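Structure first, then comments.
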Amino acid sequence: MHSNYQKIYAVVALIPAGTVATYGQVAALAGLPGHARQVGYALHATPRDVQIPWQRVINARGEISRRSDPVFGDLQRRLLEAEGVVFDEKGRVDLRRFRWHP
DNA sequence: GCAGTGACTAGTA
DNA sequence: ATACTAGCCACTG
């Protein structure tokens, strides 16, 4: 397991319920500025035994990023809504309201 | 080693 | 406001 993945997982684990963080934000907090794409890749490759709130990481536009299997996007939105995160009519989150401020 | 890929982003039009 | 672009960089075959 790559240590950078562990750093990313550690940061994601800190995001409180009801808030979200962007890929770039997670990368920067993990000490890996400019590695936003790797955050997405790391989450995609998260082992089942590593349990982290992956649903709280969204893109810089406040929306859930498209992936190969859309079913995970639907799951992500439902998980966030269950935590109190509100989506607008275009499926976007107001980052001014819900972004995590560590 | 090289080329393709992707849960990204900031800039430009 | 949306659409496209270039830059990004670890992973994979």
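Atoms considered below: every heavy atom in the structure, side chains included; atoms not considered: hydrogens, waters and symmetry mates. Since the model is a prediction, treat every value here as computed from it, not as a measurement. Each chain gets a letter, A, B and so on, in the order the sequences are listed, and its residues count up from 1.
Under a 4.5 Å side-chain heavy-atom cut-off, the cluster of Ile, Leu, Val, Met, Phe, Trp and Tyr residues that includes A:Leu80 is completed by A:Val20, A:Ile58, A:Ile64, A:Val85, A:Val86, A:Phe87, A:Val93, A:Leu95, A:Phe98. The other members of the hydrophobic cluster of A:Val71, by chain and number, are A:Phe72 (side-chain heavy atoms under 4.5 Å, ILVMFWY only).
Between A:Glu63 atom CD and C:dT2 atom C1' the separation is 11 Å, expressed in whole Å. Distance, A:Phe72 CZ to B:dG6 P: 16 Å, rounded to whole Å. In this structure, OH of A:Tyr41 is placed 8 Å from C1' of C:dA10, rounded to the nearest angstrom. The distance from atom OH of A:Tyr5 to atom P of B:dA7 is 12 Å, rounded to the nearest whole Å. Look at CD on A:Gln6: it is 17 Å from P on C:dA10, rounded to the nearest Å.
A 4.5 Å side-chain heavy-atom check between A:Leu14 and A:Pro102 finds every atom pair outside the cut-off. Two residues are said to be in side-chain contact when any heavy atoms from C-beta on lie closer than 4.5 Å; A:Asn4 and A:Gln38 fail this criterion. You'll find the side chain of A:Trp100 stays beyond 4.5 Å of the side chain of A:Val57, heavy atoms only.
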Discussion item. Can you build the contact string for nucleotides 8-13 of chain B? Use B for base contact, S for sugar-phosphate-only contact, and - for no protein heavy atom under 4.0 Å.
Written reply: BS----
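Here the side chain of A:Gln76 is nearest to one of C:dC9, C:dC11, B:dA7, namely B:dA7.
Shown for residues 87-102 of chain A: residues whose heavy atoms fall under 4.0 angstrom of DNA chain C, namely A:Lys90, A:Arg92.
Take A:Arg37 and apply the side-chain hydrogen bond (donor to acceptor under 3.5 Å, both in side chains) test, not counting sequence neighbours, and it matches no residue.
B:dA7 and C:dG7 have their P atoms separated by 22 Å, given to the nearest Å.
The aromatic rings of A:His44 and A:Tyr41 sit tilted, their planes meeting at an angle between 30° and 60°.
Nucleic acid contact class of A:His44 (heavy atoms, under 4.0 Å, all strands): base.
Using a cut-off of 4.0 Å between Lys/Arg side-chain N and Asp/Glu carboxylate O, A:Arg96 and A:Asp94 are scored as salt-bridged.
Applying the side chain to side chain donor-acceptor pair (under 3.5 Å) rule to pairs touching residues 52-65 of chain A yields A:Gln55-A:Glu83, A:Arg56-A:Glu83, A:Asn59-A:Ser65, A:Arg61-A:Glu63, sequence neighbours excluded.
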